[in-house]
Student: 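Let me begin by handing over the structure; questions about it come next.
As the structure lists them, so they are numbered: ligands from 1, and atoms in each ligand from 1. Scope of the values below: all heavy atoms of this structure, side chains included, with no hydrogens, waters or symmetry mates. Note that the numbering runs from 1 along the sequence shown for the chain. All figures in this text were calculated on a predicted structure; none of them were measured in a lab.
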Amino acid sequence: MPSFADLGLSGPVLRAVTRAGYEEPTPIQAQAIPEALNGRDIIGASQTGTGKTAAFSLPIVSTMGPSTKPQVLVLEPTRELAAQVEDQMNVFGYYKPMNVVLIHGGVGYGHQIEALETKPDVILATPGRLLDHLEKGNLDLSELKYLVLDEVDRMLDMGFLPDVKKIIDQCPKGRQ
Ligand code: AMP
């Protein structure tokens, strides 16, 4: 099994991984991270608890640069999952601070609209509410570089396919 240092991650991300107490990559991390850093599109399947969140987050945090528009969109089936990914993203971004914004249903729009005006780098969202914001013109995905469909089987089981398709249509063709 390779070490984290063998995978090609940036210095700040390696330091954040050490700070998080991770000693070695899990199998899905060892397989996915080098491919993601090479710009490949990836489909990953592994059980809950095997480190998929870090498998997609570490290469994204490692390679994202400054921008005035969102670069990363992670779609999640539930707000609880979106909040968990937010926690991990903030851990991995400890030495490379990013503006991460959480968007989900079941709450008012006001705070979310204000958050979207703060020029987020990363948006973690459930599909329905994200689409509402897109349709209202509250955010612009024209410079998106990375799109993640997390727990996609669950998202499709929950009937989010039409929303997910409409969101993908608004993302640039060249995104990873
Ligand atoms: P996940 O499968 O992404 O939900 O991750 C499950 C848990 O494992 C989370 O608490 C992560 O912080 C932790 N984790 C992920 N990757 C590693 C690793 N390489 N070493 C130790 N813990 C990890």
Student: For atom 22 (N) of ligand 1, is the nearest protein heavy atom under 4.0 Å away?
Tutor: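 Given the 4.0 Å cut-off, atom 22 (N) of ligand 1 counts as touching protein heavy atoms.
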Student: Mark up the atoms of ligand 1 that fall under 4.0 Å of a heavy atom belonging to Phe4, in ascending order.
Tutor: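 That gives atoms 19 (N) of ligand 1.
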Student: Assess Arg129 against Tyr109: is NZ or CZ under 6.0 Å from the centre of the six-membered ring, and within 45 degrees of the ring's axis?
Tutor: yes
Student: Under the 3.5 angstrom rule, does the side chain of Asp87 hit a backbone N or O of Gln84 as a donor-acceptor pair?
Tutor: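 It does not hold such a pair.
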Student: Considering heavy atoms of the protein only, find what lies nearest to atom 9 (C) of ligand 1 and give residue, atom and distance to 0.1 Å.
Tutor: Gln88 NE2, 3.9 Å
Student: Is it the case that the side chain of Gln29 and the backbone of Ala54 share a donor-acceptor pair, with hydrogens and angles ignored and the cut-off at 3.5 Å?
Tutor: no
Student: Using distance alone, decide if ligand 1 has a nitrogen or oxygen within less than 3.5 Å of any nitrogen or oxygen in Glu23.
Tutor: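 No, since none of the N or O atoms of Glu23 sits under 3.5 Å from an N or O of ligand 1.
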Student: For atom 8 (O) of ligand 1, grab the closest protein heavy atom and report residue, atom and distance to one decimal in Å.
Tutor: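 That would be Gly49 O, 4.5 Å.
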Student: Please confirm whether the backbone N or O of Val13 pairs with a side-chain atom of Ser62, one donor and one acceptor, at under 3.5 Å?
Tutor: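 Such a contact is absent between Ser62 side chain and Val13 backbone.
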Student: Examine distances only and state if a side-chain atom of Thr118 and a backbone atom of Glu114 form a donor-acceptor pair shorter than 3.5 Å.
Tutor: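 Between the backbone of Glu114 and the side chain of Thr118 there is no qualifying donor-acceptor contact (under 3.5 Å).
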Student: I need the nearest protein heavy-atom contact for atom 1 (P) of ligand 1: residue, atom name and distance, please.
Tutor: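 So the nearest neighbour among protein heavy atoms is Gly51 N, 3.7 Å.
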Student: Starting from atom 12 (O) of ligand 1, what is the nearest protein heavy atom, named by residue and atom, and what distance separates them?
Tutor: Tyr22 OH, 2.5 Å
Student: Tell me which protein heavy atom sits closest to atom 16 (N) of ligand 1, plus the residue, atom name and distance to 0.1 Å.
Tutor: Gln29 NE2, 2.8 Å
Student: May I ask you to decide if Ile28's main-chain N or O and Lys52's side chain share a donor-acceptor pair within less than 3.5 Å?
Tutor: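 No, the answer is negative, given that no donor and acceptor are paired below the 3.5 Å cut-off.
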Student: Tell me the closest heavy-atom pair linking Leu141 and Pro172, and the distance in Å.
Tutor: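 The pair with the smallest heavy-atom distance is O-CD, 3.1 Å.
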Student: Which of the numbered atoms in ligand 1 are below 4.0 angstrom from a heavy atom of Thr53?
Tutor: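 It comes down to these atoms of ligand 1: 1 (P), 3 (O), 4 (O).
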Student: Going hydrophobic residue to hydrophobic residue with side-chain gaps under 4.5 angstrom, can you get from Phe56 over to Leu144?
Tutor: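 Shared cluster, no.
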Student: Which atoms of ligand 1 are found less than 4.0 Å from any heavy atom of Glu24?
Tutor: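 Close to Glu24: 18 (C), 19 (N), 20 (N).
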Student: Under a 4.0 angstrom heavy-atom cut-off, which atoms of ligand 1 come close to Thr50?
Tutor: 2 (O)
